[in-house]
Amino acid sequence: MGKGRFGRYGGQFVPETLMSAVIELEAAYEKYRADPAFGAELDDLLKNYAGRPSLLYYAEKMTKDLGGAQIWLKREDLNHTGSHKINNVLGQALLAKKMGKTRIIAETGAGQHGVAAATAAALMDMECEIFMGKEDTERQALNVFRMELLGSKVNAVQTGTMTLKDAVNAAMREWVSRMGDTHYVLGSVMGPHPFPTIVRDFQAVIGREIKAQMMELTGRLPDALVACVGGGSNAIGTFYDFIGDGGVRLIGCEAAGEGVDTPRTAATVATGSEGVFHGMKSLFCQDGQGQIAPVYSISAGLDYPGIGPEHAWLHGAGRAEYVSVTDGEAVSAFEYLSRTEGIIPAIESAHAVAHVMKVAPQLAKDINIVVTLSGRGDKDVAAIARYRGHDLEE
Amino acid sequence: MSKITDVFTGGRKALITFVTGGDPDLETTGRLILAMRAAGADIIEIGIPFSDPIAEGPVIQSADERALSAGTTIDGLFGMVKRVRQKTGVPLLFMTYINPVYKYGISAFTEKCAEAGIDGIIIPDMPYEEEDEFLSQRTGAGMGVELISLVTPTSAARAEMIAEKAEGYLYCVSSLGVTGARTALGTEIGDIIQTVKARRDIPCAIGFGVSTPGQAAQMAAISDGVIVGSAIVRIVAQYGKGSEAPVKDYVASLRAAIDAS
């Protein structure tokens with residue numbers, strides 16, 4: 001059996017040309033993860049550049065309004081660049097720099113990962129090229145300009161469904177063409193080994209902080225953790241430090257789009273099956289012929305036909321639960337959190353908020369739920385206005 | 001010896017041609033296979049169209065889209081191969097991404113390959129490290145279906161290990177990048193071939209980016225054969241159901257250039 005397995009999932013299903021690059025990356029990661037100087041440098045960036053630790057905020061008004069469990073918000077939206085993506089990007093860009101790479105490339109869906117990658121490239125004097133589905137460049141026009149402002153080149157990908165999966169295809173095709181000076185900063189816990197492990201390790205800071213903060217604020221572990229799942233990086237970052245704490249429920253919220261009983265969905269666990277794609281064995285939305293399905297969600301960041309291999313494993317092992325949240329529920333949660341707490345969440349994160357709104361009222365008042373707000377929602381305001389029928393230009 | 005390796009006996013420089021199955025329809029693919037054989041192709045690769053072919057350039061990506069829009073299925077491809085097999089003995093290979101095979105079931109897929117008359121399979125997104133599951137599930141008659149391995153200019157540290165286990169011929173990727181025409185081809189893959197040959201006498205054929213008869217002759221000179229794909233698919237894109245004659249002419253021009261060198 002090959003490397004990088006999570007149970008039966010994971011692996012390194014990439015063209016031979018890329019094998020030397022993933023092997024080089026794995027060796028470099030093994031070297032630097034054990035290097036205290038690298039750790040100190042990254043910690044310094046996370047603290048003094050990204051603004052960590054992020055707040056754990058008690059959502060008192062939301063808790064009172066829903067009338068059940070205590071609700072805590074892990075505020076990844078307050079990080080520099082406005083999402084959890086910066087955690088991974090600073091780690092990978094620093095690693096790439098140590099490896100002697102001078103250029104990074106990245107895929108992006110909503111643009112959060114692309115903005116984070118462009119930011120790190122600017123900070124570390126690296127060349128940066130972003131691949132983004134053409135449909136997403138239209139949905140998230142402001143983020144495209146933001147990346148360009150930061151000095152990156154943005155390529156609008158016009159193949160296939162012109163969304164996140166096609167952006168990954170394009171980034172992989174670019175990497176296979178140019179590996180010598182280029183590192184591919186994959187944005188989620190997906191792709192070939194060692195990416196699912198690297199990205200998880202760099203995002204695990206979220207869960208470590210939650211654990212320390214909850215111990216300090218409540219004196220005990222939370223009862224449940226809730227996070228949205230596209231590829232699943234903020235969710236695995238939230239869950240990872242708690243996997244061994246059997247009493248803590250881990251709940252991932254997938255994008256159901258218009259509903260899991262319609263073809264307009266991106267809920268991989270609910271509607272997908274086992275397959276091998278984008279370098280990994282995992283669960284994918286696909287047809288009976290093994291063709292990857294075109295998926296849909298209002299959220300460009302969750303609009304992906306697969307899920308990271310560690311999530312597939314956690315699902316199979318019954319350690320984490322995965323639920324589906326529709327566009328409509330996510331938009332309502334987006335508006336609810338804005339009005340109730342004065343916090344505008346990313347539409348991705350609103351999927352997690354929506355699930356909490358469903359379950360919290362039924363739970364006892366001594367139950368603590370932590371929801372990871374993976375990003376802030378400024379980027380989504382125009383799209384939500386359009387969803388509600390307002391013709392708003394960005 | 002196998003039907004595939006037999007092609008290379010006596011030092012023959014093989015011409016291996018590729019066509020995307022079902023582009024524009026399966027009937028045309030069947031005619032193209034026979035036409036390419038008649039024009040001097042020694043081995044023919046049939047691409048199973050895939051929604052997300054990450055190793056392909058724009059020409060084959062578009063062909064995959066056309067073939068899928070035309071409703072091409074794996075069972076449809078097996079049927080086409082069976083019909084063609086009655087008219088020619090030319091070694092036939094499938095080139096496919098791993099997911100359609102995995103979804104079909106590795107055992108069922110390889111057995112159906114054998115039954116239809118497919119001699120080998122190329123799976124570009126299944127590297128050496130991930131071959132075990134495929135090899136262990138290749139059962140019954142499917143065990144005779146050879147798995148073609150790839151080496152590339154970045155395989156220096158891996159070429160011997162890959163060559164040791166390789167079946168049929170080694171698919172030697174000419175240069176970095178995806179499939180499709182290149183204006184100039186380097187010869188760095190020649191060094192990898194030397195490494196391979198020092199370890200094991202297995203036929204080595206060069207593909208990716210070979211489009212002109214001149215390039216075919218140049219690559220044949222440093223290997224045991226040449227693989228041409230995108231340039232043929234481009235003709236199919238242009239002429240569709242009427243591509244038989246122009247493809248035949250083009251393949252004949254490659255054959256002539258290889259034989260003359």
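In the text below, chain A, chain B and the rest are named by the order of the sequence lines, each starting its count at 1.
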Check your understanding: After noting the C-alpha distance and the side-chain angles of A/Gln289 and B/Tyr104, does the key distance pass the side-chain contact (heavy atoms from CB on, under 4.5 Å) rule?
Key -> CA-CA 7 Å; A/Gln289 293 282 312; B/Tyr104 201 94; 5.9 Å; no
Point to revise | Stepwise side chain to side chain donor-acceptor pair (under 3.5 Å) check, B/Ser51 with A/Lys165 | key: CA-CA 11 Å; B/Ser51 53; A/Lys165 116 185 132 74; 5.2 Å; no
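Contacts between residues 294-307 of chain A and chain B, counted as heavy-atom pairs separated by less than 4.5 Å, involve no residue at all.
Closest of all the heavy-atom pairs between B/Pro53 and A/Arg173 is O-NH2, 2.7 Å. Among all heavy-atom pairs drawn from B/Gln61 and A/Thr159, the shortest one is OE1-CG2, 3.3 Å. Between B/Ile54 and A/Met172, the shortest heavy-atom distance links the atoms CD1-SD, 3.9 Å. In this structure, B/Lys103 and A/Ser273 approach most closely via the heavy-atom pair NZ-OG, 2.6 Å. Across all their heavy atoms, B/Glu65 and A/Gly160 have their closest contact at OE2-N, 3.8 Å.
Counting heavy atoms from C-beta on, the side chains of A/Pro15 and B/Leu150 never come closer than 4.5 Å. A 4.5 Å side-chain heavy-atom check between B/Tyr97 and A/Val276 finds every atom pair outside the cut-off. Considering only heavy atoms from C-beta on, A/Met19 stays 4.5 Å or farther from B/Thr154 through its side chain. Proximity of A/Asp166 to B/Asp52: side-chain heavy atoms (C-beta onward) are separated by under 4.5 Å at one or more points.
Residue B/Ile123: no heavy atom, backbone or side chain, is found under 4.5 Å from chain A. For a residue to count as touching a neighbouring chain, one of its non-hydrogen atoms must lie under 4.5 Å from one of that chain's; by this rule B/Val101 does not touch chain A. In this structure, chain A has a heavy atom under 4.5 Å from the side chain of B/Glu133, while its backbone stays farther away. For B/Ile48, no part lies under 4.5 angstrom from a heavy atom of chain A. Residue B/Phe50 touches chain A through both its backbone and its side chain, counting heavy-atom pairs closer than 4.5 Å.
Salt-bridge check for A/Arg5 with B/Glu130: passed, with a basic side-chain N closer than 4.0 Å to an acidic carboxylate O.
No more than 12 heavy atoms of other residues, nucleotides or ligands lie within 6.0 Å of CZ in B/Arg234, so this atom counts as exposed by the packing criterion. More than 12 heavy-atom neighbours from other residues, nucleotides or ligands sit within 6.0 angstrom of CE on B/Met161. Other residues, nucleotides and ligands contribute more than 12 heavy atoms inside 6.0 Å of the NZ atom of B/Lys165.
Summarising the geometry, atom OG1 belonging to B/Thr152 is positioned 9.0 Å from atom CG belonging to A/Leu18; distances are rounded to the nearest 0.5 Å.
Checked by atom type and distance alone, the side chain of A/Thr17 never pairs as donor or acceptor with a backbone atom of B/Leu176 at under 3.5 Å.
Qualifying ring pair (Phe, Tyr, Trp, His ring centres under 6.0 Å) partners for A/Phe13, counting only residues two or more places apart in sequence or in other chains: none. A/Asp201 meets the side-chain hydrogen bond (donor to acceptor under 3.5 Å, both in side chains) test with A/Tyr29, A/Arg33; sequence neighbours excluded. Applying the ring pair (Phe, Tyr, Trp, His ring centres under 6.0 Å) criterion to B/Phe94, with sequence neighbours excluded, gives B/Phe78.
Of the listed residues (B/Ile162, B/Leu68, B/Val173), the one with the most heavy-atom contacts under 4.5 Å to chain A is B/Leu68.
Side-chain contact check for A/Glu16 and B/Tyr171: no donor-acceptor pair (N or O, by modelled atom type) lies under 3.5 Å.
Test A/Gln291, A/Lys281, A/Gln286 against B/Asn99 for side chain to side chain donor-acceptor pair (under 3.5 Å) and you get one pass: A/Gln286.
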